[in-house]
A.B. asks: 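To start, I am sharing the structure in question, which I have written as structure tokens.
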Amino acid sequence: MEHPLPSPPSAPPRPWRYVVGIFAGGAASVILLLGVTLWYVWNNPGARQPARRAQKDAELLQARSQHLQEALQQSRADRVRLVESVHATQRVDANYTVDFLILSGGGDRGAFASGFLRGWTKVPPGPMARPVFEGVSGVSTGGLIAPSAFLGTTQDAEAIDNLFRHPQPDWLVPSGRFFFHPENASLARIPGLKREIDSYVDLPFARRLVEAGVTGRQLLIQATDADEGSSHTFDCVALARKAVETGDVQPLRQVLLATSAIPGVFPPQKIQNELFLDGILTGNIFYGFFEGALAQGETFGAMWKQRYPGEPIPKIRYWVIINNYLKAPVMTVQPKWLPVAQRGLEIATRAFTVITLRHLYLFSEVNRLRGDGECEVRWVAVPPTWGQSSPQAAPFSMEVMQSLSDLGQRLGENPDSWIAVSP
């Protein structure tokens, strides 16, 4: 007969203080771990920039007013110089037209403009061939393309397009492990993009810009002054001239970084104690200083009549390349806050561009009605029929950018791609 094994003695019940102690110890460990983690995060941001001296509103308002007056004076001086330069050219070529190229913002969709300009070089001589531009302006990604467009050679068109066709993974990377840290200057860093700009804009390149601008041609890039909340136009021929004189090309490079500094995503650029953001915030296409304000007597044509009465005013042609759809693409929007917010931002940006382009047409019509000369406006944008194969593609996707570059080249080779009527 088998005898059952004796059961082990039961453990004495734990006193309640012991249980509470175990719980408290565990909770303290978790709190300590969280505290150490938060301390590490707070003291190890990815891309912190030094704090800036806070200025009083009165100081900033005075600075904004002063900068506006300086810009208007510079604009007028530029138009006087333009009148003199064009008059000298017209003596040699009676049919000379004054051509301006305007390049919009659009992020990685700048590959459309780089491809278009490359294709445009293949159009045979004639009224729709790519001209030598009296002025080139760029905003954001258009600002990165503008210097090559200003130089205007086939080699420059190929070089900038090849750059946009081959984006690198480090063009945009998170600002460290804790990229979301509120003390960071931006969510991302752009080491690869900065490297490309440093390679693209060197001292020999600056010398070429100076030579190309010796007759008074203008290369203007727009950024946004974050403190003053207004646009700022950089004369890049003047900056190139200074770079050649000093041997320091960094200020010119900084302007290209400033015009494309997407708020919160790319780091802002500090230039002479002022903080600059993406130029698209204050205008997706920039043409204001080429013609000046609508004030009577301030346009190019009005100044021409004052200096050379009776002589024919040369025709002005604006060529506008928009690095995106002109209007927001159609889509079904779900009633959720994130897609609604994204959709609202896209609609606002596209509508902003349409209004500015319409304003350029109205400006040209007023110019004609006043007898200040004829103006033609032509524009091109990414057609609404284009759709990237992967709608959720990451920024600077090589597949998307090469698709846009190919599209731009095909349209650039075809003079019928230009649209002459107001949107």
Side-chain angles (χ1 to χ4, degrees), residues 99-123 129-133 136-168 171-172 190 192-201 205 208-209 212 219-222 236 253 255-257 259-260 262 266 278-280 284-286 319-326 353 378-383 386 388 393 395-415 417-418:
D99 291 282
F100 295 118
L101 175 66
I102 300 168
L103 300 169
S104 86
D108 52 6
R109 295 189 177 181
F112 174 72
S114 69
F116 191 96
L117 290 168
R118 186 174 188 171
W120 198 3
T121 62
K122 299 177 183 178
V123 174
R130 178 173 165 171
V132 175
F133 301 106
V136 176
S137 75
V139 175
S140 196
T141 191
L144 301 180
I145 301 168
S148 287
F150 180 74
L151 293 174
T153 70
T154 300
Q155 292 75 16
D156 285 301
E158 292 174 350
I160 193 64
D161 187 46
N162 288 333
L163 176 66
F164 272 78
R165 290 181 64 87
H166 299 93
Q168 300 302 308
W171 277 20
L172 184 68
I190 50 172
L193 189 58
K194 186 177 183 303
R195 180 187 63 246
E196 302 286 8
I197 291 175
D198 288 350
S199 174
Y200 163 48
V201 182
F205 190 85
R208 293 182 62 211
L209 292 179
L219 172 60
L220 305 177
I221 293 180
Q222 176 178 283
C236 288
R253 293 169 176 166
V255 169
L256 300 188
L257 292 172
T259 189
S260 54
I262 304 171
F266 287 15
D278 198 321
I280 201 173
N284 195 22
I285 58 176
F286 169 74
W319 308 85
V320 184
I321 302 179
I322 298 170
N323 285 303
N324 214 317
Y325 302 112
L326 180 66
T353 304
R378 293 185 177 88
W379 60 274
V380 66
V382 176
W386 177 82
Q388 59 193 63
F396 300 112
S397 160
M398 184 177 295
E399 178 187 5
V400 171
M401 294 179 74
Q402 290 188 357
S403 172
L404 282 165
S405 172
D406 292 341
L407 172 66
Q409 286 191 58
R410 291 195 301 272
L411 295 181
E413 292 172 4
N414 182 5
S417 300
W418 291 102

A.B. asks: Any idea which heavy atoms bring S104 and I285 closest together, and the distance?
C.D. replies: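 Heavy atoms of S104 and I285 come nearest at CB-CG2, 3.6 Å.
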
A.B. asks: Run the salt bridge (Lys or Arg N to Asp or Glu O under 4.0 Å) test against D161 and tell me which residues pass, sequence neighbours left out.
C.D. replies: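 Salt bridge (Lys or Arg N to Asp or Glu O under 4.0 Å) check on D161 returns R118.
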
A.B. asks: Can you check whether V255 reaches C236 side chain to side chain, under 4.5 Å on heavy atoms?
C.D. replies: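 When only atoms from C-beta onward are counted, C236 and V255 do touch, with a gap below 4.5 Å.
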
A.B. asks: With heavy-atom distances below 4.5 Å as the criterion, would you say the side chains of P131 and W319 are in contact?
C.D. replies: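 The answer is yes; the side chains approach within 4.5 Å.
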
A.B. asks: Is a donor on one side and an acceptor on the other found under 3.5 Å between the side chain of S114 and the backbone of A111?
C.D. replies: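 Answer holds: yes.
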
A.B. asks: Show your working on side-chain contact (heavy atoms from CB on, under 4.5 Å) between D406 and R165 and close with a plain yes or no.
C.D. replies: CA-CA 9 Å; D406 292 341; R165 290 181 64 87; 2.7 Å; yes

A.B. asks: Just one of N324, I322, L411 clears the side-chain contact (heavy atoms from CB on, under 4.5 Å) bar with F112, so which one?
C.D. replies: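 Answer to the side-chain contact (heavy atoms from CB on, under 4.5 Å) test with F112 among N324, I322, L411: L411.
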
A.B. asks: How would you list all residue pairs meeting salt bridge (Lys or Arg N to Asp or Glu O under 4.0 Å) that involve residues 143-153, not counting sequence neighbours?
C.D. replies: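 Counting only pairs at least two positions apart or across chains, no salt bridge (Lys or Arg N to Asp or Glu O under 4.0 Å) contact touches residues 143-153.
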
A.B. asks: Side chains of L404 and W386, heavy atoms from C-beta outward: is any pair under 4.5 Å?
C.D. replies: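 Sidechains of W386 and L404: in contact.
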
A.B. asks: On a heavy-atom basis, which atom in F396 and which in W171 lie closest, and how many Å separate them?
C.D. replies: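 Taking every non-hydrogen atom into account, CD2-CE3, 3.7 Å.
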
A.B. asks: Is there a side-chain contact between F205 and L151 (heavy atoms, below 4.5 Å)?
C.D. replies: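 Side-chain contact under 4.5 Å: yes.
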
A.B. asks: Any donor and acceptor pair, going by atom type alone, linking the side chain of S140 with main-chain N or O of I280 inside 3.5 Å?
C.D. replies: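 A pair under 3.5 Å: no.
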
A.B. asks: Minimum heavy-atom separation for L117 to L101, with atom names?
C.D. replies: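 Heavy atoms only, the tightest pair is CD2-CD2, 4.0 Å.
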
A.B. asks: I need the E399 CD to S403 OG distance, nearest 0.5 Å.
C.D. replies: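 Those atoms lie 7.5 Å apart.
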
A.B. asks: Is it true that D198 and K194 make a salt bridge, defined as a side-chain N closer than 4.0 Å to a carboxylate O?
C.D. replies: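 Looking at K194 together with D198, the answer is yes, because their closest N to O distance falls below 4.0 Å.
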
A.B. asks: Taking the side chain as every heavy atom from C-beta outward, state whether S260 and I190 have any atom pair closer than 4.5 Å.
C.D. replies: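 Not in contact.
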
A.B. asks: Got a second to check how far L407's CG is from R109's CZ, nearest 0.5 Å?
C.D. replies: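 Between atom CG of L407 and atom CZ of R109 there are 11.0 Å.
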
A.B. asks: Any donor-acceptor pair under 3.5 Å linking the side chain of Y200 with the backbone of L144?
C.D. replies: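 Yes; judged by distance alone, with no hydrogens or angles, the pair exists.
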
A.B. asks: Can you list the residues that meet the side-chain hydrogen bond (donor to acceptor under 3.5 Å, both in side chains) rule with T153, with sequence neighbours excluded?
C.D. replies: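 For T153, the residues satisfying side-chain hydrogen bond (donor to acceptor under 3.5 Å, both in side chains) (neighbours in sequence not counted) are D156.
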
A.B. asks: If I take atom CZ from residue F266 and atom CG from residue D278, how far apart are they, to the nearest 0.5 angstrom?
C.D. replies: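 Output value for this atom pair is 8.5 Å.
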
A.B. asks: Within this structure, what is the CZ-OG distance for the pair F116 and S417, rounded to the nearest 0.5 Å?
C.D. replies: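 Here the rounded value is 5.5 Å.
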
A.B. asks: Are the side chains of H166 and M401 in touch, meaning some heavy atoms are under 4.5 Å apart?
C.D. replies: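 Not touching, per the 4.5 Å side-chain cut-off.
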
A.B. asks: Shortest non-hydrogen contact from W418 to V320?
C.D. replies: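 The answer is CZ3-O, 3.7 Å.
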
A.B. asks: Can you give me the closest heavy-atom contact between D99 and V132, atom names plus distance?
C.D. replies: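 Looks like CB-O, 4.4 Å.
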
A.B. asks: Closer than 3.5 angstrom, by distance alone: can the side chain of N323 be matched with the main-chain N or O of A113 as a donor-acceptor pair?
C.D. replies: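 Yes, the answer is positive, given that a donor and an acceptor are paired below the 3.5 Å cut-off.
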
A.B. asks: Looking at CG of L257 and CZ of R253, how far apart are the two atoms once the value is rounded to the nearest 0.5 Å?
C.D. replies: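 One finds 9.5 Å between CG of L257 and CZ of R253.
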
A.B. asks: Is a donor on one side and an acceptor on the other found under 3.5 Å between the side chain of Q222 and the backbone of L220?
C.D. replies: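 Pair absent, no side-chain N/O of Q222 close to backbone of L220.
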
A.B. asks: How close do T121 and A157 get, heavy atom to heavy atom, and via which atoms?
C.D. replies: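 In this case the closest contact between T121 and A157 is CG2-CB, 4.1 Å.
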
A.B. asks: Once rounded to the nearest 0.5 Å, what's the spacing between atom CG of L163 and atom CD of Q168?
C.D. replies: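 Between atom CG of L163 and atom CD of Q168 there are 9.0 Å.
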
